[in-house]
Amino acid sequence: MKETIEDINADIELQYGKKNMDDNIAYILSLLEARMKDGVLDDNIPVPSHEAAAKTILLLLDRPELSWETICRENRVRNVMEYLFIRAHNHYDEVHDFVCVLLRNYVKGISPQIVLTFMNAWRFAVCQDRPTRFADEILYPEYADRILDTLRFLLDGEVGRGAALVMVCARDEGLVRNIAHAIVSTEFGHISKTAYNNYLHERFTDKEKNRTIGTLRTKIGYTKEDDGRIMFIDQHLSRKGLFFKLWRGIKSLTS
């Protein structure tokens, strides 16, 4: 019998264990939730030492097999994690400047390249470029980068009917929720409100929809089961996708 993607993933988990990222995100969110008092975030977190920050960054990048809960058993590492992911939520510039000092000043055991690699991921996690309202409508945040890249490809040069066709197909496929122009335009500002709205409820032909859906499935990399479930073919998440998922979790607790 031919194995399905679910069978293969189950076999991988049985042999090698489950991925850490879901547990890591849950752990960071538990730290954040513990600092929520009557709906207000207590972000009075002391500035860590450069040595503690360097150690934490090295652990995150070089020891991915270690869970974040494990490395945070050391108090100074937990302090760094809270400073990077909780303090930065409302004090981005302060924490960004702190990390930049690591780049400008030599810290034993950590190179500028390592700091740059970490900063690229951290910057997305605390959202210097915060996800748009449309990005928040994506139903699979961990694959948001793939979905957005594919939508940008399909929407290139489309301002009205073509744009409506793409967004209707994305909604019908179960990739996104709200496709109202007020939401979509936060990510795709080139789409014309009047032209888009004129075609948003048009009855597109099966040929048109099937062609667009085929491109969505091929470029994003997913299949749909008979019951409508989406199965992503390559389930390896990018760093950007992982931190996008973390951002959505943080936002859900602080909004």
Side-chain angles (χ1 to χ4, degrees), residues 2-10 12-13 18-19 21-22 25-26 29 124 130-156 158-191 193 196-253 255:
K2 188 176 180 180
E3 287 186 303
T4 66
I5 292 296
E6 286 181 312
D7 293 332
I8 294 171
N9 283 327
I12 290 173
E13 287 190 357
K18 294 185 177 181
K19 292 179 287 189
M21 186 49 66
D22 283 344
I25 290 173
L29 295 180
F124 189 85
R130 298 194 174 209
T132 62
R133 288 178 64 197
F134 174 76
D136 283 342
E137 295 299 319
I138 293 175
L139 294 171
Y140 298 90
E142 61 270 42
Y143 297 102
D145 52 336
R146 292 192 207 174
I147 294 170
L148 287 173
D149 285 347
T150 300
L151 291 177
R152 290 189 189 102
F153 170 79
L154 287 170
L155 291 169
D156 184 31
E158 301 290 350
V159 298
R161 188 179 190 279
L165 169 63
V166 170
M167 297 315 304
V168 165
C169 289
R171 181 196 60 198
D172 292 351
E173 280 289 273
L175 297 170
V176 299
R177 285 182 295 246
N178 193 338
I179 60 170
H181 182 269
I183 301 295
V184 173
S185 62
T186 64
E187 182 76 37
F188 306 104
H190 69 282
I191 296 176
K193 179 178 180 179
Y196 178 80
N197 286 341
N198 284 342
Y199 292 105
L200 191 57
H201 302 291
E202 178 164 326
R203 294 177 62 88
F204 297 103
T205 66
D206 288 343
K207 182 178 180 180
E208 289 176 308
K209 295 179 71 173
N210 289 339
R211 183 170 60 244
T212 301
I213 288 171
T215 303
L216 288 171
R217 294 184 181 184
T218 300
K219 289 188 69 65
I220 294 172
Y222 70 91
T223 60
K224 287 196 76 172
E225 303 295 303
D226 292 339
D227 60 6
R229 287 179 301 146
I230 287 180
M231 302 296 297
F232 289 90
I233 296 170
D234 176 11
Q235 295 197 342
H236 176 71
L237 303 184
S238 68
R239 181 179 283 114
K240 185 175 181 180
L242 292 171
F243 280 94
F244 191 98
K245 186 176 181 180
L246 174 59
W247 159 247
R248 286 281 285 270
I250 290 175
K251 184 174 182 180
S252 71
L253 286 176
S255 60

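Note that the numbering runs from 1 along the sequence shown for the chain. Here the structure is a predicted model, which is why all the values come from computation and not from measurement.
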*Determine yes or no for a side-chain-to-main-chain donor-acceptor pair under 3.5 angstrom, with R177 supplying the side chain and D136 the backbone.*
yes
*Under 3.5 Å: donor-acceptor pair, side chain of T186, backbone of I183*: yes
*Is there a side-chain contact between L151 and L216 (heavy atoms, below 4.5 Å)?*
yes
*Within-4.5 Å side-chain heavy-atom neighbours: L155 and H190*: yes
*Could you pull out the closest heavy-atom pair between R217 and K224, with the gap in Å?*
NH2-CD, 3.3 Å
*Of the non-hydrogen atoms in T215 and F153, which two are nearest, and what is the gap between them?*
CG2-CE2, 4.1 Å
*Could you tell me whether F204 atom CZ has more than 12 heavy atoms of other residues or ligands within 6.0 Å of it?*
yes
_Check the orientation of H181 and Y196. Use parallel for under 30°, tilted for 30 to 60°, and perpendicular for over 60°._
tilted
*asked:* Just checking Y143 against Y222, ring centres under 6.0 Å apart?
replied: no
*Should R161 and E208 count as side-chain neighbours, where that means a heavy-atom distance under 4.5 Å?*
yes
*State whether R146 and D149 are salt-bridged, where the test is any N-O pair (Lys NZ or Arg NE/NH1/NH2 against Asp/Glu carboxylate O) under 4.0 Å.*
no
*Side chains of I220 and L175: closer than 4.5 Å at any heavy-atom pair?*
yes
*Is the closest side-chain heavy-atom distance between V168 and E202 below 4.5 Å?*
no
_Minimum heavy-atom distance L139-G174, with the two atoms named_ = CD1-O, 3.2 Å
*Any side-chain heavy-atom pair from S185 and I191 closer than 4.5 angstrom?*
no
*Kindly indicate, with the supporting measurements, whether the criterion side-chain contact (heavy atoms from CB on, under 4.5 Å) is fulfilled by L154 and K219.*
CA-CA 10 Å; L154 287 170; K219 289 188 69 65; 5.8 Å; no
*Atom pair CZ (F232) and CD1 (I147), whose distance is rounded to the nearest 0.5 Å*: 5.0 Å
*Only counting residues at least two apart or in another chain, list the ones meeting salt bridge (Lys or Arg N to Asp or Glu O under 4.0 Å) with D227.*
R229
*What heavy-atom pair brings I179 and R171 nearest, and what distance separates the two atoms?*
CD1-NH1, 3.5 Å
*Find out whether F134 and V176 are in side-chain contact, i.e. whether some heavy atom of one side chain is under 4.5 Å from a heavy atom of the other.*
yes
*Does some side-chain heavy atom of V166 sit less than 4.5 Å from a side-chain heavy atom of E158?*
no
